[in-house]
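Each chain gets a letter, A, B and so on, in the order its sequence line appears, and its residues count up from 1.
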Amino acid sequence: MTTMDWLWLLLLTPLVTGVVVWRLKTSLCAWASLAGAALMLIAGLSVVCQVAGGSPLSGWDGMLYVDVLGAFNLGLVVFVGFTAAVYSVGHMATELADGAVSVRQYHQFYSLLHLFFFSMIAVSVVNSIGLMWVGIELTTVVTALLVGLYNRETALEAAWKYLIMGSVGLSFALLGIIFIYLSGSFVFGDNPQALHWTVLVQMAKWLNPQWMLAGFVFVLIGLGTKAGVAPLHFWLPDAYSQSPAPVSAVLSGALLNTVLYGILRIYVVANSVLPGQISQYLIFFGIFSIAVSVPFLLVQRDLKRLLAFSSVEHIGVILLGVGIGGPLGMFGALLHMFNHSLVKSLLFMVAGNIQQKYHTRQMERISGVIASMPVTGKVFLLAILALAGSPPFSLFISEITIMMAGFKTGHIGVTVLFLLLMALIFAGMVYYASRMVFGATPAGMTVREVGAWSTAALFLPLTLIILFGVYLPPVFSEALHKIVVVLQGGY
Amino acid sequence: MELFIGSGLLLSTVMLFQIRKVMDSVAILALQSFMLSLTAAAMWYKTGIAHLLVAAVFTLIVKGILIPYILYYTIRKIGVVREVERSTGRYTSLLIALVLAALGYYISAQLNLPSKELGKTYLPVSVIMIFLGTFIMIDHKKAIMQGVGLITIENGIFLIAESIAYGMPMVVEFGIFFDLLVSVIVIGLLMSRIYSTFDSLSTENMENLKG
């Protein structure tokens with residue numbers, strides 16, 4: 001099989017799986033989903049390996065294009081997706097047995113989950129900025145239905161807010177993309193390739209800078225809304241906390257990165273037209289997101305909302321890293337995208353296990369997790385330490401890299417503020433986590449994990465988090481350096 | 001010609017501020033989309049760029065017929081025959097709409113961006129449509145009107161694409177039509193689920209999630 005065949009397989013597998021599970025016998029749904037996800041993982045990783053080792057992949061009249069940056073996001077999507085599919089086998093079976101979801105909703109869940117994977121993969125492999133927008137809009141409609149899956153009042157409220165906020169944000173992003181198209185239309189005429197970002201980067205010298213700046217600002221605000229950048233993040237904690245646990249994991253671990261990938265793509269184009277003039281916007285929104293999340297993190301009662309606000313914080317860290325820039329800042333930001341994606345999806349799965357055991361998300365009613373669920377409890381402790389940024393986990397390395405880049409490039413004020421905010425967040429996180437992990441287990445609770453599949457899935461991301469904290473494989477850091485070149489306008 | 005279509009678009013948008021029943025908005029949206037499709041057709045007539053004609057036909061089919069039909073079907077199914085609810089009064093909201101329209105006209109006159117000659121008339125119209133669409137979303141309390149506001153914003157953005165930019169690449173335009181259609185279907189789906197769960201479509205009931 002050529003790499004192109006693998007790419008087609010990667011695109012078709014989730015689409016076919018999504019349609020098939022809709023009609024399949026209920027007892028077979030989970031297995032079909034698992035098989036589909038495994039095939040997606042294999043196809044995805046083989047595309048990633050070949051792109052990382054060789055030249056970019058291009059096909060279908062130049063409509064499809066995967067370079068190292070695209071492959072980076074692709075790899076995360078298929079890995080987090082596969083992990084969530086493994087986790088769902090256990091989690092959704094328990095939900096079905098408890099009567100939390102009906103048989104119909106159970107089918108809906110698996111079907112939509114794979115369509116969700118498809119839309120994220122499509123975003124990472126198309127060449128046109130316009131089609132990338134189409135893919136991101138598609139993720140919105142699919143996930144709105146997933147967020148509202150439980151049909152409770154709160155879930156529907158969250159789904160509605162998410163759909164409306166996301167759609168308005170994406171409308172503004174579309175306006176920005178039209179502006180970017182206009183910036184080149186004086187050169188390209190109505191050339192169908194005028195929105196291919198490979199073409200835009202190469203033609204940067206001839207693009208109109210005024211339209212490009214307006215376009216970039218609209219795209220940043222629009223996609224920023226969809227990613228959950230403060231102050232446009234209000235839908236995010238609602239949507240993350242109301243959706244089923246595997247969906248929360250994919251939302252935070254893969255969708256967030258996919259939207260950031262869109263921002264990065266357009267940043268590359270805009271930065272080649274206006275070198276050094278747009279990173280200030282990223283720094284501003286970055287540090288602002290971190291600052292806004294702090295009070296909500298410190299006075300939080302709901303476990304999943306705590307994790308959601310932490311996502312707002314980490315989007316901020318990533319934007320800050322890209323904004324500070326330089327090879328070091330970019331490298332840190334990419335490494336942070338990778339780390340955050342794994343840790344946050346892991347924690348949402350842990351939260352799902354805790355919710356099924358304690359039947360609550362209120363943190364004051366959760367205690368003694370390590371005693372009632374020995375494995376999940378230990379993973380929880382490790383993961384929350386990793387998320388808060390303590391050594392030796394890999395998030396510590398990426399955050400330190402961004403800080404070093406900040407000092408090196410002379411962004412002293414912002415970096416000091418970043419350091420202080422991170423210290424506050426660390427204290428808050430560790431305080432809440434220690435109260436939940438240790439302490440007395442509620443009376444009458446048995447010592448038992450909620451399910452084999454939903455416990456086993458935790459080890460997939462955990463292994464990588466621990467491994468990458470201790471040892472960063474040279475292959476991986478070389479690949480990241482290649483992406484840094486792309487981010488700086490190379491190709 | 002441009003003046004006729006432009007004022008038709010503006011008028012249909014302002015009419016959204018005068019409606020009494022939710023169902024009225026569907027007919028107005030259909031009218032608005034019909035005018036939008038005329039814009040694309042007029043641009044094709046002037047420039048001779050073939051894909052503008054395709055865009056005109058698709059606007060008519062998707063925005064002029066399919067989307068209003070989906071909204072009509074949803075409203076019929078959940079039976080919201082009641083009057084619209086606004087946070088401001090009927091005349092106050094019209095007044096705010098007119099102020100926003102003037103502001104939109106002023107801002108687009110100030111924008112000194114290079115553009116192609118033929119589409120220039122439409123720039124203020126699309127800015128005003130985006131402003132008014134946003135205001136509809138904030139002003140109305142019925143969830144369906146937020147959908148109507150969203151479609152108005154989308155129409156305004158589409159107007160910019162069809163006029164000033166002479167249309168986007170074909171594949172992208174098809175993707176946008178497809179997405180819009182799917183979004184409206186999902187809006188309809190969620191709306192009927194909201195209605196059966198809350199027994200009302202007012203967004204005032206949806207304020208449980210905070211902090």
key: side-chain contact (heavy atoms from CB on, under 4.5 Å) between A/Trp133 and B/Ile176, intermediate numbers included   = CA-CA 8 Å; A/Trp133 181 89; B/Ile176 295 172; 3.8 Å; yes

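- B/Val171 places none of its side-chain heavy atoms less than 4.5 Å from the side chain of A/Ser128.
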key: Stepwise side-chain contact (heavy atoms from CB on, under 4.5 Å) test for A/Leu145 and B/Arg193   = CA-CA 11 Å; A/Leu145 289 174; B/Arg193 274 160 63 182; 4.1 Å; yes

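- With a threshold of 4.5 angstrom between heavy atoms, B/Phe178 approaches chain A through side-chain atoms but not through N, CA, C or O.
- Residue B/Leu150 comes nearest to A/Ser167 through the heavy atom pair CD2-CB, 3.5 Å, listed as atom of the first residue, atom of the second, then distance.
- Between A/Leu175 and B/Ile130, the closest side-chain pair of non-hydrogen atoms falls below 4.5 Å.
- Contact detail for B/Val186 and A/Leu163: the closest heavy-atom pair is CG1-CD2, 4.0 Å.
- Contact detail for B/Ile153 and A/Ser171: the closest heavy-atom pair is CG2-CB, 4.0 Å.
- Per-residue heavy-atom pair counts under 4.5 Å with chain A were compared for B/Ile160, B/Ile187, B/Leu189, and the maximum is reached by B/Ile187.
- More than 12 heavy atoms of other residues, nucleotides or ligands shown are found within 6.0 angstrom of CZ on A/Arg152.
- Of the residues considered (A/Ile164, A/Thr140, A/Asn151), A/Asn151 shows the highest number of contacts with chain B, using heavy-atom pairs under 4.5 Å.
- Only the side chain of B/Ile49 comes within less than 4.5 Å of a heavy atom of chain A; its backbone N, CA, C and O stay farther away.
- In this structure, the portion of A/Gln242 lying under 4.5 Å from any heavy atom of chain B is its side chain and not its backbone.
- Summarising the geometry, atom CG belonging to A/Leu182 is positioned 10.5 Å from atom OH belonging to B/Tyr166; distances are rounded to the nearest 0.5 Å.
- Taking each heavy atom of B/Leu190 and A/Ala144 in turn, the nearest pair found is CD1-CB, 4.4 Å.
- In terms of non-hydrogen atom pairs under 4.5 Å with chain B, the most contact-rich of A/Arg301, A/Glu153, A/Lys161 is A/Glu153.
- In this structure, the portions of B/Met168 lying under 4.5 Å from any heavy atom of chain A include both its backbone and its side chain.
- A/Ile178 and B/Ala161 make their closest contact through CD1-CB, 3.5 Å (heavy atoms, listed as atom of the first residue, atom of the second, distance).
- Among A/Tyr181, A/Phe172, A/Trp160, A/Phe234, the residue making the largest number of heavy-atom pairs under 4.5 Å with chain B is A/Trp160.
- Atom CD in B/Gln146 sits 11.0 Å away from atom CE in A/Met165 (nearest 0.5 Å).
- Options B/Ser196, B/Gly167, B/Gly156 differ in how many heavy-atom pairs under 4.5 Å they form with chain A, and the most are formed by B/Gly167.
- What you find for B/Pro169 and A/Leu195 is that their closest heavy atoms are CD-CD1, 4.0 Å.
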